[in-house]
Amino acid sequence: MQDFAALYAELDATTRTQAKLDAMVRYFERVDPADGAWAVYILAGRRMKRLIGPRRLRDWLAELCGLPEWLVEETYQHVGDLAETVSLLAETGDERSSVEGSLTEWIEQAVLGLRGLAEPEQKAHVLAHWRSLPRQACFLYNKLLTGSLRVGVSRGLVERALATLSGRPRALIARRLMGEFEPTAGFFQQLFDEEHREERDGQPYPFFLASPLEGDPDSLGDLHAWHAEWKWDGIRAQLIARPNGIWLWSRGEEPMAGRFPEVEEAARALPEVVLDGELLAWDAEVLPFSQMQRRIQRKTIGPKLLKEVPVVFLAYDLLEADRQDWRERPLEERRTRLEKIIFEAAQPPLRLSPLVSATDWPALAAMRGSSRERLVEGLMLKRRASPYRSGRVRGDWWKWKIDPLTIDCVLLYAQPGHGRRANLYTDYTLAVRDGDALVPITKAYSGLTDEEIRKLDRWIRANTLEKFGPVRSLKPQQVLEIAFEGIAPSPRHKSGIALRFPRIARWRHDKPVDEADTLDQVRELLRLYGN
């Protein structure tokens with residue numbers, strides 16, 4: 001635990017990529033395999049299930065410190081992080097003392113060991129650790145306890161560190177970290193085994209991610225060197241068909257067993273393959289994403305919903321066939337074999353993502369202009385000769401998305417962010433005009449520069465009308481342009497409308513509030529582009 005706490009502090013103290021990489025390599029060089037497995041699990045962004053809710057922890061903290069609950073709550077809102085709040089308020093152990101026990105022992109005994117205990121026993125254990133641990137270790141312990149430990153490293157950087165240490169290709173390390181795994185000493189040692197090691201059944205491959213095309217597509221050269229496909233608005237997924245089972249994985253490595261039974265049943269007609277594609281609501285043609293959300297929100301799908309919102313798997317790449325890795329083969333070759341596989345399966349829930357043909361780039365751009373009417377997000381451009389890579393590697397796959405929809409909104413409420421932004425007002429509620437009233441339409445958290453955030457934070461503090469806990473109501477004087485990808489009716493929202501992926505496009509210093517958009521104008525967008 002002491003070594004991992006030191007690694008965490010070292011990673012948190014720098015923004016230099018090479019320094020973080022070197023720190024992880026040094027740690028993994030000397031770590032016990034069992035601790036190494038848990039460190040990989042945590043650093044790669046995996047999260048343990050939270051065993052004790054934050055409300056209960058705040059109550060225990062108030063009791064331990066002898067402070068009123070409202071003061072603990074106010075402190076938490078100011079700090080923005082529960083683990084840090086505990087480490088600041090609790091009387092922790094001697095800062096000069098070392099932490100006994102391995103990372104594995106701490107996780108299995110001090111965290112997971114709480115699982116079978118009654119609440120009074122849980123409380124006794126937690127308070128004992130708060131009192132005995134040095135402040136930095138107490139902070140780390142609470143991060144593990146709340147399942148909110150995030151370290152300032154990307155998963156790709158963890159893969160690079162393990163690849164550097166082992167001498168294995170990063171793509172192999174990335175593959176072995178995919179899917180579900182148990183953080184055991186055996187797993188850690190297997191990360192460095194010979195390449196012919198048998199992979200876990202149902203284990204997905206790392207996804208190849210496209211980069212946004214922001215310039216002129218002419219810069220890509222001859223159009224005929226590229227495949228163009230529609231950029232579908234669904235759930236990116238891998239479909240794995242094995243003799244002993246069918247697996248569906250989301251891009252976020254969430255197993256989706258039982259969520260799309262019609263696709264899983266159809267996949268039984270496939271040979272042994274791994275396909276990359278998109279799950280879409282589809283009934284004769286693609287349905288709006290709002291229909292797909294009805295399926296996403298349910299873990300158990302009844303016959304009525306299956307009938308109302310059928311789902312298909314639209315395949316666009318072949319990663320593996322007959323236990324042979326096809327990722328290094330050219331896209332054109334993979335596509336030819338994929339077409340044959342889907343045709344021979346002859347299952348309606350399994351479809352092939354169609355190619356989009358055009359004579360030149362201007363003609364393709366004109367087709368892209370019809371994206372909203374087709375309920376797609378634009379076009380994907382894939383080099384015909386490209387392999388299937390791991391992660392976001394620029395050059396071979398591009399997403400040529402249509403411009404987002406935008407509306408000008410009035411800033412109505414603000415509250416502090418979290419983590420490093422806990423002392424700044426960065427979470428905004430925005431409204432549109434409806435006669436003389438302002439109707440909340442959406443929330444937005446990103447899009448402004450750090451300088452703009454600090455400037456707007458100062459304005460918020462000076463122009464607050466009322467406070468409701470951490471939330472401030474504001475003088476309606478600031479207009480922000482909000483960009484979003486989709487719009488749909490929503491009975492849960494006061495405006496009756498929900499925006500998809502809203503973010504701040506710019507701060508409209510040039511626009512007065514009486515020129516912000518109206519609810520009627522937003523309803524017109526809903527009529528034109530709603531789904």
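Numbers for residues simply follow the sequence, beginning at 1. Keep in mind it's a predicted model, so treat the numbers as computed, not measured.
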**OP:** Have a look at Glu10 and tell me which of Lys20, Arg26, Arg16 forms a salt bridge (charged side-chain N to carboxylate O under 4.0 Å, His left out) with it.
**Re:**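 Among Lys20, Arg26, Arg16, the one meeting salt bridge (charged side-chain N to carboxylate O under 4.0 Å, His left out) with Glu10 is Arg26.
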**OP:** Please name the residue in the list Arg384, Lys382, Arg389 that meets the salt bridge (charged side-chain N to carboxylate O under 4.0 Å, His left out) test with Asp396.
**Re:**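 Among the candidates, only Arg389 passes.
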Salt bridge [X]-[Y], side-chain N to carboxylate O under 4.0 Å:
X      : Y      : value
Lys123 : Glu119 : no
Arg334 : Asp317 : yes
Lys399 : Glu377 : no
Glu485 : Arg503 : yes

Original post:
How far does NE2 of His125 sit from CG of Leu117, to the nearest 0.5 angstrom?
Top reply: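 Reported value, rounded in 0.5 Å steps: 5.0 Å.
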Original post:
Which distance, rounded to the nearest 0.5 Å, do you find between the CZ of Phe188 and the CD of Gln190?
Top reply: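 With rounding to 0.5 Å, CZ (Phe188) is 12.0 Å from CD (Gln190).
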Original post:
How are the rings of Tyr388 and Phe208 set relative to one another: parallel (under 30°), tilted (30 to 60°) or perpendicular (over 60°)?
Top reply: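 Correct class here is perpendicular.
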Subject >> Any donor-acceptor N or O pair under 3.5 Å, side chains Asn142, Trp130 >> reply: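 Asn142 vs Trp130: donor-acceptor pair found between side chains.
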Original post:
Cut-off 3.5 Å, side chains only: do Asp193 and Gln189 have a donor facing an acceptor?
Top reply: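 Not at all, the side chains of Asp193 and Gln189 share no donor-acceptor pair under 3.5 Å.
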Min side-chain heavy-atom separation [X]-[Y] under 4.5 Å:
X      : Y      : answer
Thr17  : Arg160 : yes
Arg383 : Leu331 : no
Val40  : Leu177 : yes
Glu328 : Pro387 : yes
Leu405 : Arg372 : yes
Leu319 : Arg327 : yes
Leu352 : Arg335 : yes
Leu43  : Phe28  : yes

Above 12 or not: heavy atoms from other molecules or residues under 6.0 Å from [atom1] of [X]?
X      : atom1 : value
Arg30  : CZ    : yes
Arg251 : CZ    : no
Glu373 : CD    : yes

**OP:** For the pair Asp32 and Ser102, evaluate side chain to side chain contact (heavy atoms under 4.5 Å, CB included) and give the outcome as yes or no after the intermediate values.
**Re:** CA-CA 9 Å; Asp32 172 85; Ser102 67; over 6 Å; no
Original post:
Would you find a donor on one side and an acceptor on the other, under 3.5 Å apart, between the side chain of Glu278 and the backbone of Gly234?
Top reply: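 Present.
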Original post:
Between Trp230 (side chain) and Arg374 (backbone), is there a donor-acceptor pair under 3.5 Å?
Top reply: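 A pair under 3.5 Å: no.
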**OP:** List in chain and number order the residues that pass side chain to side chain donor-acceptor pair (under 3.5 Å) with Thr104, two or more places apart in sequence or in another chain; answer none if no residue qualifies.
**Re:**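 In terms of side chain to side chain donor-acceptor pair (under 3.5 Å), with neighbours along the sequence ignored, Thr104 is linked to Asp35.
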Original post:
Under the side chain to side chain donor-acceptor pair (under 3.5 Å) test, which residues partner Ser353, sequence neighbours left out?
Top reply: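 For Ser353 the side chain to side chain donor-acceptor pair (under 3.5 Å) partners, ignoring immediate neighbours, are Glu229, Trp232.
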**OP:** Would you please name every residue forming a side-chain contact (heavy atoms from CB on, under 4.5 Å) with Glu320, sequence neighbours left out?
**Re:**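 side-chain contact (heavy atoms from CB on, under 4.5 Å) list for Glu320, sorted by chain: Arg175, Tyr205, Arg242, Val274, Arg323.
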Of all heavy-atom pairs between [X] and [Y], which one has the smallest distance, and what is that distance?
X      : Y      : result
Arg236 : Leu209 : NH1-CD2, 3.9 Å
Pro502 : Leu499 : CD-O, 3.7 Å
Ala315 : Ile342 : CB-CD1, 4.1 Å
Val111 : Leu51  : O-CD1, 3.1 Å

Subject >> Reference residue Leu145; test side-chain contact (heavy atoms from CB on, under 4.5 Å); the match among Leu82, Leu114, Val86 >> reply: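 When side-chain contact (heavy atoms from CB on, under 4.5 Å) is applied between Leu145 and each of Leu82, Leu114, Val86, only Leu114 qualifies.
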**OP:** Can you spot which of Phe139, Trp60, Tyr141 makes a ring-ring contact (aromatic ring centres under 6.0 Å, His included) with His129?
**Re:**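 Single pass found, and it is Tyr141.
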Subject >> side chain to side chain contact (heavy atoms under 4.5 Å, CB included) evaluation trace for Leu220 with Trp398 >> reply: CA-CA 10 Å; Leu220 301 180; Trp398 300 94; 3.7 Å; yes
